[in-house]
2 protein chains.
Amino acid sequence: MARANAGPILAAPDVETVLSAVRARGLRVTTPRRVLIETLFAAPGPVSAEEIASGLGGTRADLDDASVYGNLERLEALGLVRHVHLGHGPGKWMLADRARREYLHCDSCGASEAVEPSALAPAREAIRAATGYEARFTHFPIVGRCPQCVREAGDGPG
Amino acid sequence: MARANAGPILAAPDVETVLSAVRARGLRVTTPRRVLIETLFAAPGPVSAEEIASGLGGTRADLDDASVYGNLERLEALGLVRHVHLGHGPGKWMLADRARREYLHCDSCGASEAVEPSALAPAREAIRAATGYEARFTHFPIVGRCPQCVREAGDGPG
DNA sequence: ATACTTGCAAATGATTTGCCAGTGT
DNA sequence: ACACTGGCAAATCATTTGCAAGTAT
């Protein structure tokens, strides 16, 4: 659970900044590491390790699966990347965001979206009042039906 | 009970009632099926398919893994059992409950608990107001820190 | 009798581990 | 140089699929 030796989560403006942080925190700057980070910058949203390893569908350099998993884990330990579990299926990775946005996932159409933590403050408070739990939707999202599916399905089966 | 020939979710008072529903819905009553249901009644809470197949740690008859998975799936389709994904790790199965209780999971100590849906109505409403999502915590729980871990950890890193 | 089921083996998808040659610092 | 890394193979975990033999109805 412990975060690494350096500062908290870093907002990453560009690839070189992230690589500086990598070096500053004692990891080496290698080609696969650089490619991985470039791929995350190029990704349209959270992507699976497999998608990263296969270069986002061939548009960028391939990497070894095991190396990708290992690097994602190490970079996550340093607070440079993070991942979220959107419903079933593999974890989705992204560069760490300063605000650690929270996720919602529609189990009807599969869509997901991110919101600023402040938007869910009232919900978190309601959960705390009802159960004492301090909810966090950064790693495991709120799952349910998105507005569009609610509209389309009306009152479908629970 | 009052003729459960096809209604939606059935609250299961005992093994024989569930087996009657199994037969009423066109499935055969076989020994493995009976054992599976007895095991779910004997379980202390939601249990994994693997735990069911190995007889809750050897205290009851073993079953084949693949048969357990297949039967859980079929029984779930009939509304007789259901499962929840508590954090990482395998899905946890249980007999269907009339109220379809919702789950909370502590990613700090691993504990989980179930609450009546009504308890989370205000939270669901806050989520709807903020995002338009219709949240449901029956299949994917609210994840965060339980009251005890909040108390012990104070205000640790998010 | 016949369709539904079981049990065993093998396949899958996601992720981890072991190991040795390669390389950043 | 030397420890940190990458890549490849093999292992693991959770779950699914294929199929021949067994059984509920």
Side-chain angles (χ1 to χ4, degrees), chain A residues 4-5 16 18-39 46-55 60-78 80-93 110 139-140, chain B residues 5 16 18-39 46-55 61-78 80-93 110 139-140:
Chain A
N5 40 352
E16 294 310 322
V18 176
L19 288 174
S20 302
V22 166
R23 188 177 289 116
R25 296 179 191 202
L27 295 192
R28 294 180 180 173
V29 174
T30 65
T31 300
R33 213 104 89 179
R34 180 182 292 275
V35 170
L36 189 165
I37 292 167
E38 287 170 353
T39 302
V47 286
S48 69
E50 164 60 29
E51 290 171 306
I52 295 169
S54 57
R60 22 197 72 245
D62 278 19
L63 296 170
D64 182 70
D65 279 13
S67 297
V68 169
Y69 278 107
N71 275 325
L72 288 173
E73 193 178 321
R74 277 177 267 196
L75 295 174
E76 183 167 55
L78 299 186
L80 298 175
V81 306
R82 67 183 188 98
H83 74 281
V84 59
H85 295 279
L86 301 174
H88 300 110
K92 301 299 186 99
W93 297 79
H139 187 202
F140 287 106
Chain B
N5 47 336
E16 295 311 321
V18 176
L19 289 173
S20 301
V22 166
R23 190 178 283 113
R25 297 178 190 201
L27 294 192
R28 293 179 181 175
V29 174
T30 64
T31 300
R33 212 103 89 179
R34 180 183 293 275
V35 170
L36 190 164
I37 292 166
E38 287 171 353
T39 302
V47 286
S48 70
E50 164 60 29
E51 290 171 307
I52 295 169
S54 56
D62 279 19
L63 295 170
D64 181 71
D65 279 13
S67 297
V68 169
Y69 278 107
N71 275 326
L72 288 172
E73 193 178 322
R74 277 177 266 198
L75 295 174
E76 182 167 56
L78 299 187
L80 298 175
V81 307
R82 67 184 188 96
H83 74 280
V84 61
H85 295 280
L86 301 175
H88 301 110
K92 301 299 187 100
W93 297 80
H139 188 205
F140 287 106

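Every chain is numbered from 1 and lettered A, B, ... according to where its sequence line falls, protein lines coming before strand lines.
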Whether A:F140 and A:H85 hold their rings parallel, tilted or perpendicular, with breakpoints at 30° and 60°: parallel
Results of side-chain hydrogen bond (donor to acceptor under 3.5 Å, both in side chains) for A:R74 - residues two or more places apart only: none
Could you list the donor-acceptor pairs under 3.5 angstrom formed between side-chain atoms of residues 30-38 of chain A and any protein atom two or more places apart in sequence or on another chain?
from  : atom 1 : to    : atom 2 : distance (Å)
A:T30 : OG1    : A:R33 : N      : 3.3
A:R33 : NE     : A:R28 : O      : 3.1
A:R33 : NH1    : A:N71 : OD1    : 2.5
A:R33 : NH2    : A:R28 : O      : 3.2
A:R34 : NH1    : A:E16 : OE2    : 2.9

Closest contact, heavy atoms only, B:A53 versus B:D65: CB-OD1, 3.1 Å
Positions of residues 83-90 of chain A (non-hydrogen atom under 4.0 Å from DNA chain C), listed by number: A:P90
B:L27 or B:Y69, whichever maps to the more 5' nucleotide of DNA chain D: B:Y69
DNA chain D: 5'-proximal contact among B:V29 and B:E50 (nearest heavy atom): B:E50
Value in whole Å for how far the P atom of C:dC4 lies from CZ of B:R25: 18 Å
Partner residues of B:S48 under the side-chain hydrogen bond (donor to acceptor under 3.5 Å, both in side chains) criterion, sequence neighbours left out: B:E51
Contact state string [nucleotides 6-12 of chain C, B base, S sugar-phosphate only, - no protein heavy atom under 4.0 Å]: SBBB---
Sugar-phosphate, base or nothing in reach of A:G70, heavy atoms under 4.0 Å: nothing
Atom pair distance, as rounded to whole Å: CG in A:L19 and P in C:dG24: 13 Å
Qualifying residue for side-chain contact (heavy atoms from CB on, under 4.5 Å) with B:W93, from B:L75, B:V81, B:V68: B:V81
Residues forming a side-chain hydrogen bond (donor to acceptor under 3.5 Å, both in side chains) with A:E76, sequence neighbours excluded: A:H83
Segment of DNA chain D, first to last nucleotide, that comes within the 4.0 Å heavy-atom reach of chain A: D:dA3 to D:dA9
Spacing between A:E51 atom CD and C:dG13 atom C1', to the nearest angstrom: 14 Å
What pairs of nitrogen or oxygen atoms, one from the protein and one from nucleotides 20-23 of chain C, lie under 3.5 Å apart?
none

Spacing of B:R25 atom CZ and B:S20 atom OG [to the nearest 0.5 Å]: 11.0 Å
Validation row: B:I52, B:L72 side chains within 4.5 angstrom (heavy atoms): yes
Partners meeting side chain to side chain contact (heavy atoms under 4.5 Å, CB included) with B:D62 (sequence neighbours left out): none
Set of side chain to side chain contact (heavy atoms under 4.5 Å, CB included) partners for A:A66, sequence neighbours left out: A:D64
Any B:L78 side-chain heavy atom under 4.5 Å of B:V22 side chain: no
